Amino acid sequence: MASDSLTIVDNRTGKQYELPIHYGTFPLYGASIRGADLKKIKISDDDFGLMSYDPAFLNSASCQSGITFIDGERGILRYRGYPIEQLAEQSNYMEVAYLLMNGELPTKTQYDDWVHGITHHSIVHENMKEVFHGFHYDAHPMPMLISTLAALSAFYPASRNVMDPDVRKLQIYRLLGKVTTLAAMAYRHTKGLPYVMPDNDLSYVGNFMNMLWRMAECRYTPNPTLEKALDVLFILHADHEQNCSTNTMRIVASAESDPYCAAAAAAAALYGPLHGGANEAVLKMLRQIGSMDKVPQFIKDVKDRKAMLMGFGHRVYKNYDPRAKVIKRLAEEVFEVTGKNPLIELAVELERIALQDDYFVSRKLFPNVDFYSGIIYEAMGMPSEYFTVVFAVPRMCGWLAQWQEMILDAEQKIARPRQVYTGVAIRDYEPIEKRRAR
Ligand code: CMC
């Protein structure tokens with residue numbers, strides 16, 4: 001009779017073990033065995049027991065989570081059960097941030113309190129300007145954002161009390177409120193422009209645009225099409241389950257570090273070109289290709305492993321990234337206001353060729369979220385170095401939701417993977433005069 005368990009026979013000893021199989025949400029499943037159950041499989045009492053070896057976590061679940069669901073084979077993404085397409089079309093970023101954090105869409109009162117809490121924590125301490133002044137004018141904005149997120153920890157030492165729910169709530173407001181301010185300060189610093197204070201009468205995204213682009217006018221009025229487009233982009237980037245930066249947030253915070261330092265570490269992971277830094281790398285790649293006639297040669301270089309098609313491929317999606325679909329459509333709306341970014345034609349041609357080519361088809365490589373987003377950011381007037389910052393700002397709510405979930409999960413402890421040791425077993429120390437170069 002079928003049972004929800006796995007029978008393992010250890011051929012070294014002939015012993016048989018029965019390991020229970022656990023499931024996630026019906027009918028989505030996510031069947032797993034407990035890694036710790038493998039420890040029972042040993043050849044002697046003093047044996048440590050069997051481990052699973054899984055570099056880069058190709059097939060290991062590190063947590064149970066009720067926040068984001070991805071079906072990579074079918075190209076499905078849902079936040080708290082809501083399809084990303086519905087949220088992008090009907091919701092707004094502040095509402096989605098509440099949903100990710102609290103599990104349900106807010107009532108009107110809950111929404112107003114949430115927005116008020118975030119809006120009223122958006123100003124940073126004046127000394128933060130001095131921190132920015134320490135950077136060169138041409139510093140990359142991501143290291144500036146990473147450093148200043150960590151610097152917030154020095155301004156709020158009480159944030160270390162992460163087990164106190166009221167303390168956590170306050171830091172969530174502060175981080176969501178201040179991340180736009182710090183991100184905008186990083187932008188203004190590179191341009192040599194004075195910092196702009198938040199305007200509480202604007203939307204979250206409208207205020208971010210105000211802090212980026214306000215010049216001499218008394219009041220900044222965001223273009224409604226661009227404001228809406230940026231809001232949709234924020235929704236699409238808000239969370240993506242256990243990706244590299246979110247996993248970093250959880251790992252750092254598992255040591256009970258404060259959320260500012262953990263978020264800085266998460267942002268540092270996001271900065272990498274294989275993760276959130278890919279949007280910047282896509283633009284660099286498109287510029288290097290330069291014209292339509294160079295596309296076939298570039299594709300050949302990729303297949304010869306002389307280049308990477310940045311913005312393509314994903315660890316989880318083996319189908320079209322649903323976020324990329326929305327972004328591709330969004331680009332047309334943005335171009336109505338900004339004029340067409342000529343790089344879009346190159347990107348579309350790259351996609352067309354790649355989706356017909358066996359190299360990409362056989363490896364199930366499709367455009368990901370970063371393939372088209374940079375083209376929109378550039379059309380809005382952002383420099384390519386800034387794109388990953390515009391990814392980090394909305395991802396803050398995902399990092400915080402995952403942080404809170406981890407803190408409240410009684411099963412979680414300090415993260416500490418095992419290793420398979422492959423070094424020298426043991427040897428005796430030799431004084432320096434007796435050593436030979438090896
Ligand atoms: N261009 C060319 N070949 C690729 C690409 C690419 N963009 N991505 C994967 N491959 C090949 C890879 O060489 C390998 O081929 P083979 O099996 O012959 O050795 C095969 O496809 C499988 O790739 P992998 O490297 O084992 O896949 P992974 O899950 O370890 O890496 C990835 C996923 C996203 C890091 C990778 O696809 C990549 O580097 N893409 C380009 C960078 C990028 O766009 N990153 C953004 C990811 S989405 C946003 C985010 O989450 O931050």
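Predicted, not measured: the structure shown is a model, and the values here were computed from it. Indexing begins at 1, ligand by ligand and atom by atom, following the structure's order.
When the shell of 6.0 Å around CD of Glu73 is examined, it contains more than 12 heavy atoms from other residues, nucleotides or ligands. Remark: Arg418 CZ is loosely packed, at most 12 non-hydrogen atoms of other residues, nucleotides or ligands lying under 6.0 Å away. Other residues, nucleotides and ligands contribute only 12 or fewer heavy atoms inside 6.0 Å of the OH atom of Tyr53. More than 12 non-hydrogen atoms from other residues, nucleotides or ligands lie less than 6.0 angstrom from CZ of Arg188. Atom OH of Tyr23 has more than 12 neighbouring heavy atoms from other residues, nucleotides or ligands inside a 6.0 Å radius. More than 12 heavy atoms of other residues, nucleotides or ligands lie within 6.0 Å of CZ in Phe48, so this atom counts as buried by the packing criterion.
Each of the atoms 43 (C), 44 (O), 45 (N), 46 (C) of ligand 1 lies under 4.0 Å from some heavy atom of Ala278. The Gly276 neighbourhood of ligand 1 comprises atoms 52 (O), with distances under 4.0 Å to a heavy atom of that residue. Each of the following atoms of ligand 1 lies closer than 4.0 Å to a heavy atom of Arg315: 28 (P), 29 (O), 30 (O), 33 (C). Below 4.0 Å from some heavy atom of Val369 lie the following atoms of ligand 1, by number and element: 49 (C). Near Asp370, the atoms of ligand 1 lying under 4.0 angstrom from a non-hydrogen atom of the residue are 46 (C), 48 (S), 49 (C), 52 (O). Counting atoms of ligand 1 from 1 in the listed order, those under 4.0 Å from a heavy atom of Val302 are 2 (C). Remark: ligand 1 atoms within the under-4.0 Å shell around heavy atoms of Gly311 are 43 (C), 44 (O). Using a 4.0 Å cut-off to heavy atoms of His275, the atoms of ligand 1 that qualify are 46 (C), 50 (C), 51 (O), 52 (O).
Between the side chain of Ser91 and the backbone N or O of Ala88, no donor-acceptor pair lies under 3.5 Å.
Atom 36 (C) of ligand 1 has as its closest protein heavy atom Phe312 O, 4.4 Å. Scanning the protein for heavy atoms near atom 42 (C) of ligand 1, the closest one is Met310 CE, 3.5 Å. Ranking the protein heavy atoms by distance from atom 45 (N) of ligand 1 puts Leu274 O, 2.9 Å first. In this structure, the protein non-hydrogen atom closest to atom 7 (N) of ligand 1 is Leu309 O, 2.7 Å. In terms of protein heavy atoms, atom 34 (C) of ligand 1 is closest to Gly313 O, 3.6 Å. The protein heavy-atom contact nearest to atom 3 (N) of ligand 1 is Tyr359 OH, 2.9 Å.
Residue pairs that meet the salt bridge (charged side-chain N to carboxylate O under 4.0 Å, His left out) test with at least one member in residues 83-105, sequence neighbours left out, do not exist here.
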List, one per line, each side-chain donor-acceptor pair under 3.5 Å for residues 225-234, sequence neighbours excluded.
| residue | atom | partner | partner atom | Å |
| --- | --- | --- | --- | --- |
| Glu227 | OE2 | Ser203 | OG | 2.5 |
| Asp231 | OD1 | Tyr93 | N | 3.4 |
| Asp231 | OD2 | Tyr93 | N | 3.0 |

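Side-chain atoms of Arg168 and Gln171 include no donor-acceptor pair closer than 3.5 Å. Side-chain contact, Ser65 with Glu405: a donor N or O sits under 3.5 Å from an acceptor N or O. Side-chain N/O atoms of Gln64 and Asp409 include no donor and acceptor closer than 3.5 Å.
Between Tyr156 and His125, a ring centre-to-centre spacing not shorter than 6.0 Å is recorded.
Counting all heavy atoms, side chain and backbone alike, Leu77 lies closest to Tyr317 at CB-OH, 3.6 Å. Across Met144 and Ala139, no two heavy atoms sit closer than the pair CE-O, 3.5 Å.
Under 4.0 Å from ligand 1, the heavy atoms of Leu365 that appear belong solely to its side chain. Of the heavy atoms in Arg363, only side-chain atoms (C-beta onward) come closer than 4.0 Å to ligand 1. Looking at Val282 against ligand 1, nothing comes within 4.0 Å, counting heavy atoms.
Assignment of His240 to the shell around ligand 1 is not supported, since no heavy atom sits closer than 4.0 Å. For Phe371, the heavy-atom gap to ligand 1 stays at 4.0 angstrom or more. At a 4.0 Å cut-off, not a single heavy atom of Asn243 sits close enough to ligand 1 to count as contact.
Inside a 4.0 Å radius of atom 39 (O) of ligand 1 there is at least one protein heavy atom. Less than 4.0 angstrom separates atom 27 (O) of ligand 1 from none of the non-hydrogen atoms of the protein. Distances from atom 32 (C) of ligand 1 to the protein include no heavy-atom value under 4.0 Å. For atom 1 (N) of ligand 1, a protein heavy-atom neighbour is present inside the 4.0 Å cut-off. In this structure, atom 22 (C) of ligand 1 is not in close contact with the protein, since no protein heavy atom lies within 4.0 Å of it.
Tyr98 pairs with exactly one of Tyr79, Tyr173, Tyr204, Trp114 by the ring pair (Phe, Tyr, Trp, His ring centres under 6.0 Å) rule, that one being Trp114.
For ligand 1, the polar-atom distance check finds no N/O of Met308 at less than 3.5 Å from any of the ligand's N/O atoms. The distance criterion of under 3.5 Å between nitrogen or oxygen atoms is not met by Ala307 with respect to ligand 1.
Taking each of Lys303, Arg305, His237 in turn, the one with a heavy atom nearest to atom 19 (O) of ligand 1 proves to be Arg305.
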